[in-house]
Amino acid sequence: MKTTTKSLYGAIAATAAPAAIAAMLLFTPAVSAQDADKLALAKKLVEQAQLHKMATLGMQLSVRRVVAEGKASQEFLACVSAAEPGAFSAGIASLYADRLSILELKDALKFFESQAGRKYTAYTFWGTEKYAGFAPSTPAVAVTVDEKQAIDAFIASPVGRKMSGTGSSFATATQRETLKVIGPLLAACKSST
């Protein structure tokens, strides 16, 4: 089966992930040395919120869709599925360090370290699969009234709006930068299959 990088980019760009996920995938080039504290916080946030794993899942689901449409091979999917989430970590952390204040990073990290934040992360993975048209690989997440209030408060907060909003410059940059990481991964898989 012939697979072109151009057709895969188009298919991936056309596959809509949930808005919250798309906004979480933002990243930009490296930050200055004076922002080392912000970068350290951003790295913790990426790990705690599993943003790098979410980026990988989004890419893999998009390729699964392309395979289901007969536009790519199972071998190509296997190659993409072997991608390490760490490929996204540095870029996402750099973006967050660049675009968020120390206070926003601390607030986001505090939320994602909480029980409500962990459940929000689990729901995000579940929802990404469901809304991409695939059966979720994990059961739906149950939240208490207090956890729902904490999640709603985070989403309504300035940093939560940045991380979960769509149509913003933050979300647009996310898509652009994510494709910069995905492009070489797809090209490497294309050349090996």
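Both backbone and side-chain heavy atoms feed into the values below; hydrogens, waters and symmetry mates do not. What you see is a predicted model; the values in this text were computed from it and never measured.
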Answer yes or no: is there a donor N or O on one side and an acceptor on the other, between the side chain of Glu129 and the main chain of Phe134, under 3.5 Å?
no
Rounded to the nearest 0.5 Å, how far apart are NZ of Lys130 and CG of Leu61?
14.5 Å
After noting the C-alpha distance and the side-chain angles of Leu185 and Val80, does the key distance pass the side-chain contact (heavy atoms from CB on, under 4.5 Å) rule?
CA-CA 7 Å; Leu185 292 170; Val80 171; over 6 Å; no
Distance-only, no hydrogens or angles: does the Gln48 side chain make a donor-acceptor pair with backbone N or O of Phe112 under 3.5 Å?
yes
Shortest non-hydrogen contact from Ala142 toward Lys119
O-NZ, 3.0 Å
In short, Pro85 meets Thr56 closest at the heavy-atom pair CA-OG1, 3.1 Å
Compare all side-chain heavy atoms of Leu51 with those of Tyr96 and state whether any distance is below 4.5 angstrom.
yes
Are the side chain of Ser62 and the backbone N or O of Gly58 linked by a donor-acceptor pair below 3.5 Å?
yes
Approximate separation, where rounding is to 0.5 Å, of Leu109 CG and Leu100 CG
11.5 Å
Rounded to the nearest 0.5 Å, what's the gap from OG on Ser81 to CZ on Phe76? Could you check?
10.0 Å
Please find the pair of heavy atoms, one from Val159 and one from Asp107, that lie closest to each other, and give the distance.
CG1-CB, 4.3 Å
Inter-residue atom distance Tyr120.OH - Asp152.CG, 0.5 Å rounding:
10.0 Å
One should read off an interatomic distance between Glu84 CD and Lys53 NZ, to the nearest 0.5 angstrom, of 10.0 Å
What's the verdict on side-chain contact (heavy atoms from CB on, under 4.5 Å) for Ile182 and Phe88, showing C-alpha distance, side-chain angles and the deciding distance?
CA-CA 9 Å; Ile182 291 172; Phe88 291 94; 3.8 Å; yes
Nearest heavy-atom approach of Val67 to Ser73 is CG2-O, 3.5 Å
Can a donor-acceptor pair be found, under 3.5 Å and without considering hydrogens, that links the side chain of Arg161 to the backbone of Ile155?
no
Measure the spacing between OG of Ser94 and NZ of Lys38 and express it to the nearest 0.5 Å.
10.5 Å
For the residue pair Phe154 and Phe111, categorise the inter-ring angle as parallel (less than 30°), tilted (30 to 60°) or perpendicular (more than 60°).
parallel
Are the side chains of Arg99 and Lys162 in touch, meaning some heavy atoms are under 4.5 Å apart?
no
Validation row: Glu47, Ser89 side chains within 4.5 angstrom (heavy atoms)
yes
Lys43 and Ala93: which non-hydrogen atoms are nearest, and at how many Å?
CG-CB, 3.7 Å
Nearest heavy-atom pair of Ala83 and Met59: which atoms, and what distance?
CB-CE, 3.7 Å
